[in-house]
Visitor: 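Supplied in structure tokens, the structure appears directly below.
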Protein chains: 2
Amino acid sequence: MLQSEPQHECAWNEALTERQQDVLDAVLALMVEQGGEFSMTDVARRASCSKETLYKWFGDRDGLLAATVRWQASKVRAGNYYSQHLDTAALRESLQNFGANWLTVISSSTSIALNRVAVSHAASGKSNLGQIVLANGRFAIGERLKPLLEAGRKAGLLDFEDTETAFRTFFGLVGRDVQIRLLLGDELTLTRAEIARDAERATSQFLALFGGSTNA
Amino acid sequence: MLQSEPQHECAWNEALTERQQDVLDAVLALMVEQGGEFSMTDVARRASCSKETLYKWFGDRDGLLAATVRWQASKVRAGNYYSQHLDTAALRESLQNFGANWLTVISSSTSIALNRVAVSHAASGKSNLGQIVLANGRFAIGERLKPLLEAGRKAGLLDFEDTETAFRTFFGLVGRDVQIRLLLGDELTLTRAEIARDAERATSQFLALFGGSTNA
DNA sequence: CTCAAGCCGTACCGTACGTTACGGTTCGGT
DNA sequence: ACCGAACCGTAACGTACGGTACGGCTTGAG
């Protein structure tokens with residue numbers, strides 16, 4: 001009523017009812033279980049709600065998908081604070097944490113299912129699901145990592161020209177072929193230990209490439 | 001008749017009729033134009049053939065998709081020969097060529113559309129499209145690049161323990177976030193010059209990490 | 001010329017799904 | 001106790017699409 005939108009009430013930035021969150025969690029569960037393919041009837045049954053309610057709350061199928069993606073994104077935000085005093089060890093540890101965090105996220109079944117849905121949707125053009133996923137994934141961690149990189153540079157621990165380029169290199173060193181392989185259905189199980197080791201290796205390589213005078 | 005398969009005649013490894021190749025090219029064109037979403041009727045209309053023929057040749061929709069993926073893969077195979085005598089310059093150039101080639105492939109609209117279809121299909125589980133794409137993409141270039149890496153190691157130009165790990169690092173340095181961004185619909189146009197520059201940078205970084213005694 | 005095979009175009013069938021509509025139930029407010 | 005809003009469960013509708021059937025056209029062999 002407050003907008004010109006006559007149909008659904010959810011404006012995607014206002015708070016979600018607990019019941020609505022339950023519904024979106026049901027969608028996430030369905031995505032994971034059925035591999036991204038599900039009907040509105042499936043959602044209604046799984047969430048024990050009526051389809052009428054789904055349409056009233058989320059407008060249409062795309063609205064439900066977008067709300068689900070945003071909901072998941074809102075749950076993932078992990079604080080990545082780094083100590084005010086930045087020395088080599090602290091920088092290294094922060095980078096490792098970032099890397100391990102990112103690997104954990106992209107190898108989770110939720111992320112895989114969500115990215116698959118977004119990729120499929122990006123194919124059909126008329127959607128911004130891919131943009132939402134990118135904004136809350138790739139670009140979000142970029143914006144969270146860049147301050148650390150620049151702090152490292154200011155402290156003389158890192159040496160690079162363009163922050164974006166440095167970040168993308170780190171991104172590549174951490175992710176390598178993991179995400180595309182998982183999205184394409186490759187059986188690739190990353191244990192916690194492997195993730196830690198990969199993050200460590202990527203950090204060492206990054207520091208070898210961009211480390212200032214003193215690096216390991 | 002020669003196999004126990006009663007329905008379609010195409011065994012996926014035998015030669016394709018020119019007409020059949022035309023049909024598969026039509027599928028590729030549709031994938032690019034419509035972003036991976038198309039119906040069998042679309043294919044028939046675009047290829048000026050009957051649906052009956054499509055089903056006789058390719059069995060069902062999945063068969064048509066698989067044949068299309070294989071067909072495209074068979075067109076992409078580029079020879080990556082490197083000189084018998086391998087010095088630093090030759091190694092560097094070969095790596096750059098590999099990188100530029102790979103970036104060109106993954107940023108092509110055909111590859112994007114094909115990967116989107118494969119990702120969508122991998123979601124639904126019961127398919128091996130993702131495996132086919134992986135085998136002809138990620139793993140194929142791995143098998144083609146590894147001999148070069150090992151030749152470089154034997155010549156004392158590279159230093160690494162595990163070839164697979166070294167390759168995956170190169171893969172990450174080259175691809176970075178490009179493929180996932182493109183699959184998710186990010187507008188990211190790579191000019192030939194940018195690709196060359198990225199391949200150059202990735203190669204330099206790789207040599208800096210794995211270069212033996214002498215590196216740039 | 002005849003005939004059979006292969007193929008095109010199109011109509012058709014069954015189903016799955018998005019979307020809507022509706023009757024029945026719960027529940028908070030008065 | 002009464003009312004209306006919200007919501008559940010389900011039925012129904014329209015459509016899109018995968019897959020099949022069929023009539024007609026071309027073509028090449030005998």
Side-chain angles (χ1 to χ4, degrees), chain A residues 1-2 5-11 14-27 30-31 33-68 117 120-121 123-127 129, chain B residues 1-2 5-11 14-27 30-31 33-68 117 120-121 123-127 129:
Chain A
M1 306 307 176
L2 39 96
E5 299 289 333
Q7 299 296 355
H8 47 284
E9 62 208 35
C10 189
E14 70 189 42
L16 291 167
T17 307
E18 200 151 335
R19 182 81 180 97
Q20 291 171 333
Q21 296 177 8
D22 291 343
V23 170
L24 297 183
D25 281 329
V27 176
L30 272 178
M31 279 186 181
E33 290 166 18
Q34 306 198 13
E37 291 205 339
F38 56 88
S39 67
M40 297 296 278
T41 306
D42 291 337
V43 174
R45 187 161 36 222
R46 174 62 174 252
S48 292
C49 74
S50 73
K51 290 209 273 181
E52 188 185 37
T53 303
L54 290 182
Y55 284 98
K56 173 184 273 192
W57 283 349
F58 305 106
D60 57 6
R61 189 173 204 274
D62 283 1
L64 177 63
L65 256 45
T68 304
V117 171
S120 312
H121 221 71
S124 76
K126 56 160 185 44
S127 146
L129 269 191
Chain B
M1 306 308 177
L2 41 94
E5 297 289 333
Q7 299 297 353
H8 48 283
E9 63 208 35
C10 188
E14 70 189 44
L16 292 166
T17 308
E18 200 152 334
R19 183 80 180 95
Q20 290 171 333
Q21 294 177 8
D22 291 345
V23 170
L24 297 183
D25 281 329
V27 176
L30 270 179
M31 278 187 181
E33 290 167 16
Q34 306 198 14
E37 291 204 340
F38 56 88
S39 67
M40 296 297 278
T41 305
D42 291 338
V43 174
R45 184 159 38 223
R46 174 61 173 255
S48 292
C49 73
S50 74
K51 286 207 283 179
E52 189 184 35
T53 302
L54 290 182
Y55 284 99
K56 173 183 274 191
W57 284 349
F58 305 105
D60 57 4
R61 187 172 206 273
D62 283 0
L64 178 63
L65 257 45
T68 305
V117 172
S120 311
H121 221 72
S124 75
K126 56 163 183 44
S127 145
L129 268 192

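Quick note on labels: first sequence line is chain A, next is B, and so on, each numbered from 1.
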Visitor: Can you tell me the distance, in whole Å, between the CD atom of A:Glu37 and the P atom of C:dC17?
Guide: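 After rounding, the reported distance stands at 9 Å.
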Visitor: Tell me the interatomic distance from B:Trp57, atom CH2, to C:dC8, atom C1', rounded to whole angstroms.
Guide: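 Atom CH2 in B:Trp57 sits about 11 Å away from atom C1' in C:dC8.
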Visitor: Quick one: do A:Trp57 and A:Thr17 satisfy side-chain contact (heavy atoms from CB on, under 4.5 Å)? Show the steps, please.
Guide: CA-CA 10 Å; A:Trp57 283 349; A:Thr17 307; 5.8 Å; no
Visitor: OP1 or OP2 of D:dC8 sitting under 4.0 Å from any side-chain N/O of A:Thr53?
Guide: yes
Visitor: Output the rounded distance in Å from CZ (B:Phe38) to P (D:dG19).
Guide: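 After rounding, the reported distance stands at 12 Å.
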Visitor: Could you state the NZ-P distance from B:Lys56 to C:dC8, rounded to the nearest angstrom?
Guide: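 It is 10 Å, rounded to the nearest whole Å.
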Visitor: Under 4.0 Å, heavy atoms only, any strand: does A:Arg45 hit a base, just the sugar-phosphate, or nothing?
Guide: nothing
Visitor: Once you round it to whole Å, what is the distance between P of D:dC22 and OH of B:Tyr55?
Guide: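 So the two atoms are 17 Å apart, to the nearest Å.
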Visitor: What is the distance from CG of B:Leu65 to C1' of D:dG19, rounded to the nearest Å?
Guide: 16 Å
Visitor: Measuring from the side chain of A:Met40 (C-beta onward, heavy atoms only), which nucleotide among C:dT19, D:dC7, C:dG9 has the closest atom?
Guide: C:dT19
Visitor: Judged by each residue's nearest nucleotide on DNA chain C, which is more toward the 5′ side, A:Asp42 or B:Arg19?
Guide: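 That would be B:Arg19.
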Visitor: Between atom CG in A:Asp22 and atom P in D:dC7, what is the gap in whole Å?
Guide: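 So the two atoms are 13 Å apart, to the nearest Å.
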Visitor: Atom CD of A:Glu52 and atom C1' of C:dG23: how far apart are they, to the nearest Å?
Guide: 11 Å
Visitor: Is there a side-chain contact between A:Leu64 and A:Met40, using heavy atoms and a 4.5 Å cut-off?
Guide: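 Yes, at least one pair of side-chain atoms sits under 4.5 Å.
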Visitor: Of B:Asp22, B:Val117, B:Val43, which meets side chain to side chain contact (heavy atoms under 4.5 Å, CB included) against B:Val27?
Guide: B:Val43
Visitor: Could a donor-acceptor pair under 3.5 angstrom be found where the side chain of A:Lys51 meets the base of C:dT19?
Guide: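 By the distance-only test, yes, there is a pair.
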Visitor: Would you indicate whether the side-chain heavy atoms of B:Arg45 and B:Thr41 approach each other to under 4.5 Å?
Guide: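 A side-chain contact exists here, since the closest heavy-atom pair is under 4.5 Å.
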